[in-house]
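Since the structure comes first, as structure tokens, the remarks are kept for the end.
In the text below, chain A, chain B and the rest are named by the order of the sequence lines, each starting its count at 1.
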Amino acid sequence: MSTISSPTGHQLPEEAIGVLSADGFIDPTESAKAFVDDATAIDHERVAEMYRLMANTRRIDEEGVNLQRQGQLVLWTPSLGQEAAQAGAVTALQDRDWIFPTYREHVMARGRGIPDEKVFDFFRGAVHAGWKPSDYNMQPYTVVLAAQVPHAVGYGWGIAQQQRGWTDARRAEEGRVAVACFGDGASTEGDIHEAMVFAASFDTPVVFFIQNNYWAISTPFEVQSKVPLFKRAKGYGFEGFAVDGNDPIATAAVMDHAVDHARRGGGPVLVEAHTYRMGAHTTADDPTKYRTSEEESQYAQSDPMVRTEQYLRRRFDYTDAFFDEIAAESEQLAVNLREKIVDAPDTISLREKFDLVYAEEHPLVDAQAVAFDRWMEDEDAS
Amino acid sequence: MTTVFDEVATGTKKLTVGQAVNRALGDALATDERVLLQGEDIGALGGVYRVTEGLAARFGSDRVVDAPLGESGIVGTSIGLAQAGFVPVAEIQFDGFVYPAFDQIVSQLAKMHSRFQGSQQFPVTIRLPYGGGIGSVEHHSESPEAYFAHTAGLKVVTYSNAHDAYWVTRAAIDSADPVLLLEPKKHYFVRGEVDFDVPTDNPFATVEARPGTDGTLLAWGPQVSTALAAAEAGVEDGYDLQVLDIRGLSPLDMTTIADAVKTTGRAVIIHESSTFAGFGAEISAGLMEQAFLSLEAPVQRVGGYHMPYPPSRLEQDYLPSVDRILDAVDETFTY
Ligand SMILES: Cc1ncc(C[n+]2csc(CCOP(=O)(O)OP(=O)(O)O)c2C)c(N)n1
Ligand SMILES: [Mg+2]
């Protein structure tokens, strides 16, 4: 893989679009030309909103690790380090667009307004889907790698049919887009290939949003692919971009372009956001078994939060007041979350699960539910 | 569970189930140069349960291979590796992630011996940690044995203790036929005595885990310990219950099972997955065919409900329990 060294030492493919240096100066990469204007035109409100999403989530993320350590969660999947990529992506969307996430899209979930405790209900083993997907136009977190990606394409296919014959104006007003999130590791699952074939065949309004965080549990990116993933798009017949995923404005500008292209009926786009999984894969993981602390500290220098803060200060004269306020707000979110999560009761009983198996009556399930009721009554009585 | 063994094992040792599997894999690699392990995260990390810990360092990354993420690829290439003369041992990380490989297992691997007109063997072992009760997230607690036992051409085996973990794993790798090796992940950290003297019995046979005369509890893998606990608790209720540990689901040692039930007259089959079209139905039908006249009551099944495996906070209501098993035993005494 041919790479260039960004100012942070973060290795990016030479085609990667990056606008900000690690300390928040505008210092575009060679390949960023077409995006510099759009990226730097992003107004301070959106950059601040991205920062808020990132900072709030980072605090909650930390709480996720704590709560798991305290036995309140069965697992937590940190998004640490990937916040700018997700903030850039989620702020490029309209509420009517659908997100098809993995298990790590905490910034995107926040961007959709999903309450923290609903996200955490999944991780404390209370439910398999923390929120009602149609309330937020975001599928439940999907654990089986890549499985959600064909769903996004199918949804996009449906949209493409429904929007056939729409004018550009109507598409801009009402057109919908599906964003399929997945990781570098998941990119090698067979479902991804089939999803991309279908997406291209039916000109679906889908953005394949890859967070390449360079690790799939212990498997480094080199084992997954000899070339950066954005290059695959060409082989399927659509456009692919590599972006510095730790650069919020570059990611936002590239995602704006990709979403707009899909919304106008231009077909699928692939965006590979190069970022880094700064934390463990999950709370069950031990990265010391497979990566060095030198590597971790090198990547720590390209922390997207630092970069975003610096950019807000330099370019838009944001001051301590703003950052203090966000920090206090994040702290309060953590307090609220703990109140809701620590020793929280079940949100659903096994009995209620019987009613969710089928949409229609099912004699076997109905009979088992009756037997289960009787069993629980006997248990309670004895 | 860091234990890297230099020599092929002898004598007896106290090991966890995970260490016994590690040792079996190491001994297979040491004694047969055709053996090759592949799977997600099995190299430097040693697998998410550390079952392959130390093996990549000892045997090299050509023989203990971190695969790209793709279950269909892992099983499909194992078929090709077997054709090239290797003895592949593929790890699928969790039960719920085996389905992307379903075609390669069911339509390809299982049929290859027939399709090659018997001219080529496909000694592929697929290691699949399975079962629930571990407090994990979605897709990490399933028991898919029925799907695979239904497939001709595939052997499906499991075990419940460290000794059997070693020998069932060795036998699976030695098998000339493809084997789906279901590893009860709940027991990976449970310790037991492993005797490394080559056993005289068939490691896939059904064995008695506890003698008893009033009825027979039939279980496999992670539910054997529940069955044993139920038999123990049953003493208070006045029951003397036998427990059978079924290691081979395919081939199924129906003779041993039928002979046992003929002596007790009562059978309760226990498994984690849904009882509807579950593997217990096969055993029940076998008992109807082979032990009908000795049965004092209909065969009972205790298993999961007909619903997706529930979130972990609810799993204890879903899984077979001592109470549910003894309730089923009571039922057999109402006839
Ligand atoms: C089909 C399937 N196989 C294996 C796994 C186990 N697993 C969970 S996450 C993961 C690594 C995924 O890496 P990547 O796609 O890069 O996403 P990241 O975790 O880095 O965000 C693996 C192997 C799974 N969830 N699904
Ligand atoms: Mg990754």
Please output the side-chain donor-acceptor pairs of residues 71-78 of chain B that fall under 3.5 Å, not counting sequence neighbours, one pair per line with the distance.
unit_1  : atom_1 : unit_2  : atom_2 : d
B/Thr77 : OG1    : B/Gln38 : NE2    : 3.0
B/Thr77 : OG1    : B/Gly73 : O      : 2.7
B/Thr77 : OG1    : B/Ile74 : O      : 3.4
B/Ser78 : OG     : B/Gln38 : NE2    : 3.1
B/Ser78 : OG     : B/Ile74 : O      : 2.7

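A ring-centre distance under 6.0 Å is not found for B/His306 and A/Phe354. Ring centroid separation for the pair B/Tyr188 and B/Tyr49 comes in under the 6.0 Å cut-off. Ring-centre distance between A/Phe100 and A/Tyr141: not below the 6.0 Å cut-off. For A/His274 and A/Tyr214, the gap between ring centers is short of 6.0 Å. Checked against the 6.0 Å centroid threshold, B/Phe333 and B/Tyr239 count as a close aromatic pair.
Between chain B and the residues A/Val365, A/Val223, A/Asp346, A/Ile348, the largest count of heavy-atom pairs under 4.5 Å involves A/Asp346. Between chain A and the residues B/Ile134, B/Asp327, B/Asp66, B/Val48, the most heavy-atom pairs under 4.5 angstrom are made by B/Asp327. Ranking A/Thr188, A/Asp191, A/Val357, A/Thr288 against chain B, the residue ahead of the rest is A/Thr188, based on heavy-atom pairs under 4.5 Å. Options A/Ile217, A/Leu145, A/Val143 differ in how many heavy-atom pairs under 4.5 Å they form with chain B, and the most are formed by A/Ile217.
Neither the backbone nor the side chain of B/Ser274 comes within less than 4.5 Å of any heavy atom in chain A. Contact of A/Tyr103 with chain B is not made at all, since no heavy-atom distance falls under 4.5 Å. With a threshold of 4.5 angstrom between heavy atoms, A/Ala371 does not approach chain B through any atom at all. Heavy atoms closer than 4.5 Å to chain B are found in both the backbone and the side chain of A/Asp286. The part of B/His139 that comes within reach of chain A is its side chain, from C-beta onward, which places non-hydrogen atoms under 4.5 angstrom from that chain. Of the two parts of B/Gln93, only the side chain, counted from C-beta on, holds a non-hydrogen atom closer than 4.5 Å to a non-hydrogen atom of chain A. Using a 4.5 Å cut-off between heavy atoms, A/His281 makes no contact with chain B at all. Residue A/Arg124 touches chain B through both its backbone and its side chain, counting heavy-atom pairs closer than 4.5 Å. Contacts between A/Pro345 and chain B at a heavy-atom distance below 4.5 Å involve the backbone alone (N, CA, C, O). Heavy-atom distances place both the backbone and the side chain of B/Tyr305 under 4.5 Å from chain A. Heavy-atom distances place both the backbone and the side chain of A/Leu350 under 4.5 Å from chain B.
Taking non-hydrogen atoms and a 4.5 Å limit, the residue list of residues 192-199 of chain A in contact with chain B is empty.
The structure places OG of A/Ser349 at 7.0 Å from CG of B/Leu314, a figure rounded to the nearest 0.5 Å.
When only modelled atom types and interatomic distance are considered, B/Arg50 and B/Gln19 share no side-chain donor-acceptor pair under 3.5 Å. Inspection of the A/Asp184 and A/Trp215 side chains reveals no N or O donor paired with an N or O acceptor under 3.5 Å.
Counting heavy atoms from C-beta on, the side chains of A/Asn212 and A/Phe221 come closer than 4.5 Å.
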Mind running side chain to side chain contact (heavy atoms under 4.5 Å, CB included) on A/Glu361 and A/Asp366 for me, showing each step along the way? CA-CA 7 Å; A/Glu361 306 251 298; A/Asp366 297 347; 3.9 Å; yes
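Of the charged side-chain nitrogens involved, at least one lies within less than 4.0 Å of a carboxylate oxygen, so that B/Lys185 and B/Asp95 count as a salt-bridged pair.
Shortest non-hydrogen contact noted between A/Ala147 and A/Pro150 is O-CD, 3.3 Å.
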